[in-house]
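No hydrogens, no waters, no symmetry mates; every other heavy atom, side chains included, goes into these values. This one's a predicted model, so the numbers in the text were calculated from it and none came from an experiment.
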2 protein chains.
Amino acid sequence: MSKKTTIYDIAKALNITAATVSRALNDNPRISSDTKKLVLETAKKLNYKQNRLALALKSGKSKNVGVVLPIINRNFFSNVIRGVEEELNPMGYNVIICQTHDDEKKEADVIQNLLNAQVDGIIMSIARHTKNTGHFEQVLKKNVPLIFFDRKVDIKGASSVTLDDYRGAYEATQHLIDQGCAKIAHFTVDRSLEIYKNRFEGYKQALLDSDIGFNEKYLLGLESKIEAGKEAAKKLMELADPPNALFSASDLAALGAIQYLKEIGLCIPEDFCVVGFSNEPFTQFMELPISSVDQSPMLMGRTAAKVFLEQIDSDTVKTKKRIVLAPSLKIRKSSSRSNPTL
Amino acid sequence: MSKKTTIYDIAKALNITAATVSRALNDNPRISSDTKKLVLETAKKLNYKQNRLALALKSGKSKNVGVVLPIINRNFFSNVIRGVEEELNPMGYNVIICQTHDDEKKEADVIQNLLNAQVDGIIMSIARHTKNTGHFEQVLKKNVPLIFFDRKVDIKGASSVTLDDYRGAYEATQHLIDQGCAKIAHFTVDRSLEIYKNRFEGYKQALLDSDIGFNEKYLLGLESKIEAGKEAAKKLMELADPPNALFSASDLAALGAIQYLKEIGLCIPEDFCVVGFSNEPFTQFMELPISSVDQSPMLMGRTAAKVFLEQIDSDTVKTKKRIVLAPSLKIRKSSSRSNPTL
DNA sequence: TTGTATGCGTTATCAC
DNA sequence: GTGATAACGCATACAA
C-alpha cells in the first residue's frame with residue numbers, strides 16, 4: 001500500500017538532489033562523508049530499497065540469466081539448476097527457469113521471451129529434436145552470452161560445458177571387460193544427440209581396443225524407460241548367443257533389464273554384469289545397487305555459470321569456451337564380481 | 001552487436017511518432033488500420049522486440065514471480081516448480097528460482113532481493129527453522145501476493161496451498177491396521193514443522209480411533225536419511241515388545257528401516273508392513289516397492305500459481321486462500337498382505 | 001562536493 | 001486518428 005520510497009523521497013527529506021543521493025548510495029568517491037552518512041541514515045529510516053528494474057533499464061543489464069532446459073523435474077536437470085543458482089546468486093544474479101518439453105518451437109519461444117526480458121545470459125541444454133539454430137544465433141547477435149550444457153550444438157560464438165560421455169562409456173565398458181565379461185551389450189537412446197552418440201562410440205572403441213571387437217547384434221536402441229529396458233533385455237537373451245553384460249546409456253533402462261534378468265533366474269553380477277549411466281539416486285538405493293556413470297550435474301551447473309561470469313566480465317575478448325568435465329564411474333554390486341562387499 | 005531496435009526506430013522509418021507506433025503495437029482502438037498494418041510490417045522487417053524492462057518500469061509489473069524454496073534438487077520441490085512454471089509461463093510470467101538452504105537469514109535476503117527486483121508475486125515454502133516473520137510482512141506490506149506451499153506459516157494476508165498431511169497419515173495408518181498390524185511404529189522428523197506435526201497427529205488419531213491406542217514407545221524422531229532409518233529400526237526391534245509395522249514420515253527413513261529388517265531376517269510384508277511418505281521415485285523402483293503417500297507436487301505448484309493469478313487479477317478483493325490438497329496413498333508390496341500381486 | 005539535465009524504452013494523458 | 005509530452009526510478013556527463 002505504502003508508496004515505494006525512491007531516491008527522490010530521501011532527497012526531498014534532506015533538501016538535496018536525487019543525484020547526490022544516488023552517489024551516496026553507490027559509494028561514489030566524490031561525496032562528503034557527512035552527506036553520505038546522512039543519506040544512508042534516512043535511507044534506512046524511510047526503508048528505501050533500490051528498484052532493480054530502473055537500474056536495469058538504465059544500465060541495460062537486468063542481472064537475470066535464463067536457464068533453459070527440457071524439463072526441470074529430473075534429477076540431472078534440477079541439480080544443474082542448483083549449481084547455476086548457487087554460483088550466480090552470490091554475484092547478484094537471479095535465475096529464470098524455462099522448460100522446453102523437448103519441443104523446438106517452445107524452445108525458440110522461451111528464448112525470444114528471455115531476450116525480450118533482457119537477460120544478461122542464457123544457459124541451456126537443447127531440446128531433443130532441435131534442428132534449426134536460428135534462435136541461438138539471435139542470442140549471439142544480441143551479444144548475449146550463450147552457454148550450452150550437456151546437450152549442445154556447435155555454433156560459432158557459443159560456449160559449452162559437457163561431460164566426457166565418450167570417456168565415461170569407455171571406462172564403463174572397460175570395467176565390464178575387466179570383470180571378465182566378453183559379450184557386452186549396449187542400450188543406446190537417440191544417437192542423433194551427441195551425448196548418446198558419444199556414449200556409443202566410447203563403448204565401441206573400448207571393445208575394439210580389447211580383443212573382443214564390436215558386435216552389431218548386441219546394440220539396441222530404446223527409450224529411457226524401465227519397460228523399454230525389460231523388453232530390450234528379453235530380445236537380447238533370446239539371441240542365439242546372448243550377452244553376459246550390459247552397458248546402458250540409461251539408468252532406467254538398466255533397471256528394467258535387471259528386473260527381467262532376475263525374472264528369468266539370472267544372478268547379478270555372477271551371471272551378468274550391468275552398468276548404467278547418470279547415477280540416478282535410485283541406483284544406489286536398490287537392494288542390488290546399480291553401477292553407473294556419474295555426470296556431476298551440480299558441477300556442470302556451477303561451471304556453466306562460471307563461464308557466463310567470465311564472458312560477462314570480459315566483453316572485450318569473446319572467448320568462447322568448450323569445457324569437458326570428467327565422468328566418474330560408480331562401481332556397485334551390479335557389476336562388481338571382484339569386490340563382493342559392495 | 002546490432003543496436004536493439006526500439007519503437008523510435010520504426011517511428012522514424014515511417015515518419016510518424018513513437019506514440020502511434022506504441023498504439024499500433026498494442027491494438028489500440030483509435031488507430032487507422034492502415035498505419036497499424038504499416039507499423040506491424042516494418043516492426044517485423046526491423047526485427048523489433050518489445051523491451052519488457054521498460055514496460056515493467058512503466059507499468060510497475062515485472063511479469064516475474066519468485067519461487068523460494070529450501071533446495072531445488074529434490075523430487076518434491078522440482079516438481080512443484082514444474083507445476084508453477086507450466087501454469088504461469090503461458091500467462092506471460094517468468095519464474096525466478098531462489099534457494100534458502102533452510103536458512104532463515106538467506107530466506108530473508110532472497111525475499112528482499114525479489115522485492116527489489118519488483119516481482120509480481122512470491123510463491124514459497126518456508127525454511128525449516130524460520131521463526132521471524134518480518135520478511136513475510138514486508139512482502140504483504142508492498143501488496144505483493146504471497147502464497148505458501150507445503151511448509152507454511154500462518155500470516156494474515158498470505159495464502160497457502162498445502163497437502164492434507166493429517167489425512168494422508170491417517171489413511172496410511174488405517175491401511176496398516178487393515179492389513180492386520182496391531183503394533184504400528186511411527187518415524188517423525190521435525191514436529192516443529194506443521195507438516196510433520198500433522199503426519200504425527202493423523203497417525204495418532206487413526207490409532208486412537210481403532211481399539212489399538214497410541215503407544216509412546218513406538219514413536220521415534222529422526223532425520224530423513226537411510227542411515228537414520230536403519231538405526232531407528234534397530235532401536236524398535238530391540239524393544240521388549242517390538243512393533244510389526246511402520247508408518248514413516250520419510251521415504252528414505254522407511255527404506256533404511258526395510259534394509260535393517262531384511263538384514264535381521266524379517267519378511268516384508270508378511271512379518272512387517274511399511275508405509276512411507278512422499279512417494280519418492282525410488283519407492284516404486286525397488287525390488288520390494290514401498291507403499292507411500294503421494295503429495296502431488298506438480299498439482300501443488302499449479303494450484304499455487306493459480307492462486308497467484310487470481311490475486312493478481314482482483315486487487316480489489318484481497319481474498320487470501322487456504323487450499324488443502326488431498327493425499328493419495330500408493331499401496332505397494334511393502335504393506336500389501338491382501339494383494340500379493342503388487 | 002553538489003546540482004542540472006538527460007536518457008534508458010514504454011505507455012498514458014493530454015491536446016489537436 | 002495522430003502528435004507532443006510526461007512519467008516510471010535510477011545513474012551519469014557535464015556544469016558550477
Contact summary for A/Q99 and A/V110, nearest pair of heavy atoms: O-CG1, 4.2 Å
Test applied, side chain to side chain donor-acceptor pair (under 3.5 Å); reference residue, B/S159; option that passes from B/Q311, B/K152, B/R322, B/K320: B/Q311
Sugar-phosphate, base or nothing in reach of A/T17, heavy atoms under 4.0 Å: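 Touches a base.
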Side-chain heavy atoms of A/I111 within contact of A/Q138, under 4.5 Å: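 A/I111 does not reach A/Q138 side chain to side chain.
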Check: A/L163 and A/I195 side chains under 4.5 Å, non-hydrogen atoms: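 With C-beta onward as the side chain, the pair stays apart.
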Could you tell me how far apart [X] ([atom1]) and [N] ([atom2]) are, to the nearest whole angstrom?
| X | N | atom1 | atom2 | result |
| --- | --- | --- | --- | --- |
| B/K36 | D/dT2 | NZ | P | 12 Å |
| B/D9 | C/dG7 | CG | P | 15 Å |
| B/D34 | D/dT2 | CG | P | 8 Å |

Backbone N/O of B/K63 and side chain of B/D120: donor-acceptor pair under 3.5 Å: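 Here the side-chain-to-backbone pair exists.
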Polar side-chain atom of B/S32 near backbone of B/T35 as donor-acceptor pair, under 3.5 Å: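 Answer holds: yes.
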Letter per nucleotide, 5' to 3', of nucleotides 6-13 of chain D [B base touched, S only sugar-phosphate touched, - untouched; heavy atoms, 4.0 Å]: -BBBBBBB
Of all pairs that satisfy ring pair (Phe, Tyr, Trp, His ring centres under 6.0 Å), the ones with a partner from residues 133-161 of chain B, not counting sequence neighbours: B/F136-B/F148
Phosphate OP1/OP2 of D/dG1 contacted by B/T35 side-chain N/O (<4.0 Å):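 No, because none of the side-chain N or O atoms of B/T35 sits under 4.0 Å from OP1 or OP2 of D/dG1.
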Terminal axes of the helix from C/dT1-D/dA16 to C/dC16-D/dG1 (five pairs each): angle between them, nearest 10 degrees: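 Axis angle across the helix from C/dT1-D/dA16 to C/dC16-D/dG1, nearest 10°: 50°.
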Derivation and outcome, salt bridge (charged side-chain N to carboxylate O under 4.0 Å, His left out), residues A/D190 and A/R151: CA-CA 12 Å; A/D190 178 355; A/R151 301 189 196 164; over 6 Å; no
